[in-house]
> 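Pasting a structure here, questions to come.
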Amino acid sequence: MDAWEEGLPGKPCFSAQQLRLCRRLSPFFLTCAVYFLLWIPQDQPSWVSALVKCLPVVCLAASLQVERWGRRYRTLLQGALLCSAVGDACLIWPDAFLHGVAAFAVAHLLYLWAFGLTPLRPGLLLPIALVCVLYSSILLPHLPTGMALALAAYSLVLASVLWRGLARGGSIRWGVLLFTFSDMVLAWDTFAQPLPHARLLVMTTYYAAQFLITLSAFQSPRLKTN
């Protein structure tokens, strides 16, 4: 067992690999802090607010650039993160909402490609389908007519990513769960009923989700073989 695991007196608490990882991810944590400290009002959409919102996810994509192995997996994650950043920017402006949904749909398709189909774990499909159908049936009456089909398609993609993420396990499991929760809160707050502190809840779970999914690229190489 390594010294940092044992916590022996006078020994380093972190391995060199962990310290490198902290350095790579420090821009993400710094830009997250900037976003929450500035907390630019949502009724003041601007390119500055879009940039501040997108920077944490862009920093996660940049952190993967120096990773030496798992190139295919890493590239797919980078593409998903950059598409997510585009979606973040679009959601700043209400008129670009559907463009944001489209960007996030592409991001989820890239995540789906990255996660692969091994292990399959088809037993997860039934509970995921039940939850998604129940939530969609409650939300559907509140959706504008022109958005119902697009959001239904997005929900199907998101449910697929949830299935594959849960099947893969590790930090990915918690990442897709938080991503799904974040989207559900956002949809309910936007279309059904305003929720107290909804933006804070949505953004904290969203950034945490992207972080946990990205973290999988720095873990066991076997996660990137599919």
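Numbers for residues simply follow the sequence, beginning at 1.
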> Can you spot which of Thr190, Val86, Leu186 makes a side chain to side chain contact (heavy atoms under 4.5 Å, CB included) with Leu91?
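Testing each of Thr190, Val86, Leu186 against Leu91, the sole residue satisfying side chain to side chain contact (heavy atoms under 4.5 Å, CB included) is Leu186.
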> Shared ILVMFWY cluster between Ile128 and Leu125, side chains joined below 4.5 angstrom?
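Yes, same cluster.
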> If I take atom CG from residue Leu126 and atom CH2 from residue Trp163, how far apart are they, to the nearest 0.5 angstrom?
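Between Leu126 CG and Trp163 CH2, I get 13.0 Å after rounding to 0.5 Å.
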> For the residue pair Leu98 and Met147, what are the closest heavy atoms and their distance?
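It is CD2-CG, 4.0 Å.
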> For Leu120 and Ala167, which heavy atoms make the closest approach, and how far apart are they?
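Nearest heavy atoms, Leu120 then Ala167: O-CB, 4.3 Å.
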> Does a donor on one side chain and an acceptor on the other come within less than 3.5 Å for Ser49 and Gln44?
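Note: Ser49 and Gln44 side chains miss the donor-acceptor criterion.
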> Can you list the steps and then say if Ile172 with Val176 is a side chain to side chain contact (heavy atoms under 4.5 Å, CB included)?
CA-CA 6 Å; Ile172 299 175; Val176 295; 4.2 Å; yes
> Check step by step if side-chain hydrogen bond (donor to acceptor under 3.5 Å, both in side chains) holds for Tyr135 and Ser155.
CA-CA 10 Å; Tyr135 180 80; Ser155 297; over 6 Å; no
> If I take atom OH from residue Tyr206 and atom CG from residue Leu178, how far apart are they, to the nearest 0.5 angstrom?
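Between atom OH of Tyr206 and atom CG of Leu178 there are 13.0 Å.
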> Do Phe211 and Tyr207 have side chains that approach each other closer than 4.5 Å (heavy atoms only, starting at C-beta)?
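Not touching, per the 4.5 Å side-chain cut-off.
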> Hey, quick one: are Leu124 and Ile213 part of the same hydrophobic cluster, counting side-chain heavy atoms closer than 4.5 Å, chains of contacts allowed?
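As far as the 4.5 Å side-chain criterion goes, Ile213 and Leu124 are connected within one cluster.
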> Do Ser216 and Tyr73 pair up side chain to side chain, a donor and an acceptor below 3.5 Å, judged on atom types alone?
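A donor-acceptor contact under 3.5 Å links the two side chains.
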> Is the centre of the Phe97 ring less than 6.0 Å from the centre of the Phe191 ring?
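That pair passes the under 6.0 Å test.
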> For Leu130, I'd like to know if atom CG has over 12 heavy atoms of other residues, nucleotides or ligands within 6.0 Å.
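Yes, CG of Leu130 has more than 12 neighbouring heavy atoms, counting only those of other groups under 6.0 Å.
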> Closest heavy-atom contact between Ser46 and Ile92?
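Distance-wise, the nearest heavy atoms are N-CG2, 4.0 Å.
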> What heavy-atom pair brings His99 and Cys90 nearest, and what distance separates the two atoms?
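So the two residues come closest at CB-SG, 3.9 Å.
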> Would you please indicate if the ring centroids of Tyr35 and Trp39 are separated by under 6.0 Å?
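Close enough - the centres of the two rings lie under 6.0 Å apart.
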> Trp174 versus Leu215: any side-chain heavy-atom pair under 4.5 Å?
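A side-chain contact under 4.5 Å is absent here.
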> Between Ala192 and Leu139, what is the shortest heavy-atom contact and its length?
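Closest heavy-atom pair between Ala192 and Leu139: CB-CD1, 4.1 Å.
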> When rounded to the nearest 0.5 angstrom, what distance separates CE in Met203 from NZ in Lys53?
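The distance works out to 5.0 Å.
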> For Ala61 and Leu82, which heavy atoms make the closest approach, and how far apart are they?
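Of all heavy-atom pairs spanning Ala61 and Leu82, the closest is CB-CD2, 4.0 Å.
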> Suppose we call two aromatic rings close when their centres sit under 6.0 Å apart. Are Phe104 and Tyr154 close by that rule?
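Ring centres of Tyr154 and Phe104 not closer than 6.0 Å.
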> Determine whether Leu200 and Phe29 fall in the same hydrophobic cluster, where Ile, Leu, Val, Met, Phe, Trp and Tyr are linked whenever their side-chain heavy atoms lie under 4.5 Å apart.
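Yes, it is one cluster - the side chains of Leu200 and Phe29 are joined through contacts under 4.5 Å.
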> Just verifying a value: how many Å separate Leu162 CG and Cys132 SG, rounded to the nearest 0.5 Å?
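Output value for this atom pair is 6.5 Å.
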> Below 4.5 Å, heavy atoms only, C-beta onward: do Thr204 and Phe36 meet side chain to side chain?
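The answer is yes; the side chains approach within 4.5 Å.
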> Starting at CG of Leu201, measure out to OG of Ser182 and round the result to the nearest 0.5 Å.
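Reported to 0.5 Å precision, the distance equals 7.5 Å.
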> More than 12 non-hydrogen atoms from neighbouring residues, nucleotides or ligands closer than 6.0 Å to CH2 on Trp188, yes or no?
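Atom CH2 in Trp188 is packed in, count exceeds 12.
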> With a 3.5 Å distance limit and no angle check, can you tell me whether Arg173 reaches the backbone of Arg168 through a side-chain donor-acceptor pair?
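Answer holds: no.
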